[in-house]
Amino acid sequence: MLVAHRIRLDPNNVQATYLTRAAGTARFAYNWALSEWQKQYEACKADPTQTRPSEAALRRQLNSIKRERFPWMLEVTKSAPQMAIMQLGRAFENFFTGRARYPRFRRKGQDDRFTLTNDLFRTEGRHIRIPKLGWIRMREALRFAGKVVSASVSRFAGHWYASITVNTSDSPVPSADNQGAVGVDLGITALATLSTGETFRGPKALRGLLVRLRRQSRALSRKVKGSRNRTRAKLKLAKLHERIANIRRDSLHQLSTSITRRFHTIGIEDLNVKGMLSNRHLARAIANMGFYELRRQIEYKVAWRGGHVALADRWYPSSKLCSGCGHRLDTLGLDVRRWTCPGCGVSNDRDVNAAINLRNMAVSSTVPACGGEGTGPARERRAKPAPAKQESNGKVNCG
Ligand SMILES: [Zn+2]
């Protein structure tokens with residue numbers, strides 16, 4: 001199974017210059033190959049005897065001319081241009097199969113990255129060795145054991161990161177405690193509410209930073225375009241964005257690890273995030289909470305532990321259904337936190353009730369469609385016997 005660990009790098013000035021140059025070389029090679037591809041494709045259309053462009057042929061072509069035409073390419077690892085062209089090949093493949101748009105040219109400042117194949121780098125503790133450069137310090141050691149596949153080095157908001165992909169021989173984490181099923185309601189007021197009644201709030205630090213974010217964005221808009229002050233304010237803002245993203249990612253990882261460690265079957269909403277984002281009031285809150293990211297994390301972590309995620313489809317009325325008697329409300333305002341069921345008279349907490357509905361949905365979704373003999377009521381069914389409880393040391397944080 002492939003897992004990736006993204007680690008911040010601490011390059012010195014000389015090393016940072018090299019990384020910038022390697023990323024520039026990768027970008028140049030990518031753009032060179034893209035324009036060659038277009039040229040060769042046009043030539044091929046005009047004259048069908050010409051060969052169609054391919055990433056392998058373009059890599060050979062670049063190799064044969066780079067010594068003479070682009071000698072500066074030799075100053076950085078050969079992996080930078082080579083892998084970039086391979087990535088272009090994959091981009092075209094995705095385009096041809098309808099998974100992605102036509103490849104676009106990479107831009108400086110936005111696509112500052114290059115990839116190393118596993119034979120060209122190695123890690124040792126908190127260091128990574130990059131060809132023609134040497135050892136760079138990392139903020140933490142690689143967390144996964146197994147065969148290292150590749151490393152992608154990229155710049156984000158002025159900081160360098162290495163995302164190292166590892167092929168772990170087996171599941172890197174112990175399987176779930178198997179406390180059965182849980183429903184997770186992703187919310188606005190709380191990050192998530194579980195059907196057990198627990199709520200997870202977003203980290204406090206985030207709220208303060210969001211206030212600062214608003215202030216700095218306003219300050220930036222007042223700065224004169226093209227001025228040095230504006231550039232400085234822009235970088236400051238980008239760094240703050242990055243800090244917020246890191247805190248958010250961390251808290252989402254803690255939450256998704258906690259949920260997948262404890263429960264085997266997880267019911268969650270298949271949120272139509274795009275549709276919800278068009279509602280401007282909800283938009284910021286939802287974007288801040290990272291619904292989509294949390295769902296992604298829960299899905300892959302539950303797969304590691306051999307569990308099961310059930311998605312409620314977007315029309316499932318998890319909030320409007322009474323989890324006690326099944327009565328369904330016609331409408332429920334977004335600001336209503338608690339409501340009394342006209343069917344059974346029970347007072348429902350909006351989020352807990354929704355989470356319980358999601359749990360029930362998840363439990364019933366694990367029943368085989370044909371209904372095998374002696375399956376009994378849906379909630380009795382378990383996918384696997386409960387494994388012995390194991391304490392995992394440390395949280396899993398990757399991606
Ligand atoms: Zn009811």
Side-chain angles (χ1 to χ4, degrees), residues 176-202 255-256 258-273 275-279 281-283 285-286 289 291-292 294-295 298-299 302 307-372 374-383 386:
D177 285 352
N178 203 352
Q179 291 184 21
V182 71
V184 183
D185 181 63
L186 303 175
I188 311 291
T189 45
L191 182 55
T193 305
L194 306 191
S195 51
T196 57
E198 293 160 84
T199 54
F200 289 86
R201 313 207 135 265
L255 173 56
S256 58
S258 156
I259 292 171
T260 53
R261 187 182 287 167
R262 291 165 53 200
F263 300 99
H264 194 273
T265 298
I266 297 161
I268 195 166
E269 259 165 320
D270 182 14
L271 284 162
N272 175 12
V273 175
M276 292 181 90
L277 287 180
S278 58
N279 175 342
H281 279 304
L282 270 180
I286 292 173
M289 291 298 187
F291 276 177
Y292 185 78
L294 181 64
R295 207 186 84 191
I298 289 179
E299 281 182 332
V302 99
H308 164 75
V309 175
L311 293 178
D313 79 67
R314 133 171 35 134
W315 312 114
Y316 181 70
S318 59
S319 300
K320 291 186 225 162
L321 221 52
C322 171
S323 58
C325 71
H327 181 89
R328 184 179 168 170
L329 296 178
D330 290 332
T331 54
L332 182 64
L334 275 172
D335 49 340
V336 179
R337 307 310 316 158
R338 183 169 274 284
W339 54 281
T340 303
C341 174
C344 63
V346 159
S347 168
N348 285 319
D349 175 278
R350 180 199 188 95
D351 298 337
V352 175
N353 176 62
I356 293 173
N357 281 326
L358 289 167
R359 183 198 62 198
N360 294 345
M361 179 276 307
V363 167
S364 59
S365 79
T366 61
V367 176
C370 55
T375 44
R379 57 198 67 218
E380 300 280 315
R381 192 176 175 280
R382 293 263 162 86

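Just so you know, ligand 1 is whichever comes first in the structure, and atom 1 is the first atom listed for that ligand.
- The closest side-chain heavy-atom distance from S256 to L294 is below 4.5 Å.
- Within the 4.5 Å cutoff, no side-chain heavy atoms of D349 are placed close to those of W339.
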Which side-chain N or O atoms in residues 317-332 pair as donor and acceptor under 3.5 Å with protein atoms at least two apart or in another chain?
{"from": "S318", "atom 1": "OG", "to": "E269", "atom 2": "OE2", "distance (Å)": "2.8"}
{"from": "S323", "atom 1": "OG", "to": "N353", "atom 2": "OD1", "distance (Å)": "2.7"}

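- Residues F263 and V184 have side chains not in contact (no heavy-atom distance under 4.5 Å, counting atoms from C-beta outward).
- Shown are the protein N/O/S atoms under 2.8 Å from the Zn ion (ligand 1), given by residue and atom: C322 SG, C325 SG, C341 SG, C344 SG.
- Shown here are the side-chain contact (heavy atoms from CB on, under 4.5 Å) partners of V302, two or more places apart in sequence or in another chain: T260, I266, V309.
- The side-chain contact (heavy atoms from CB on, under 4.5 Å) check on T340 picks up S347, with sequence neighbours excluded.
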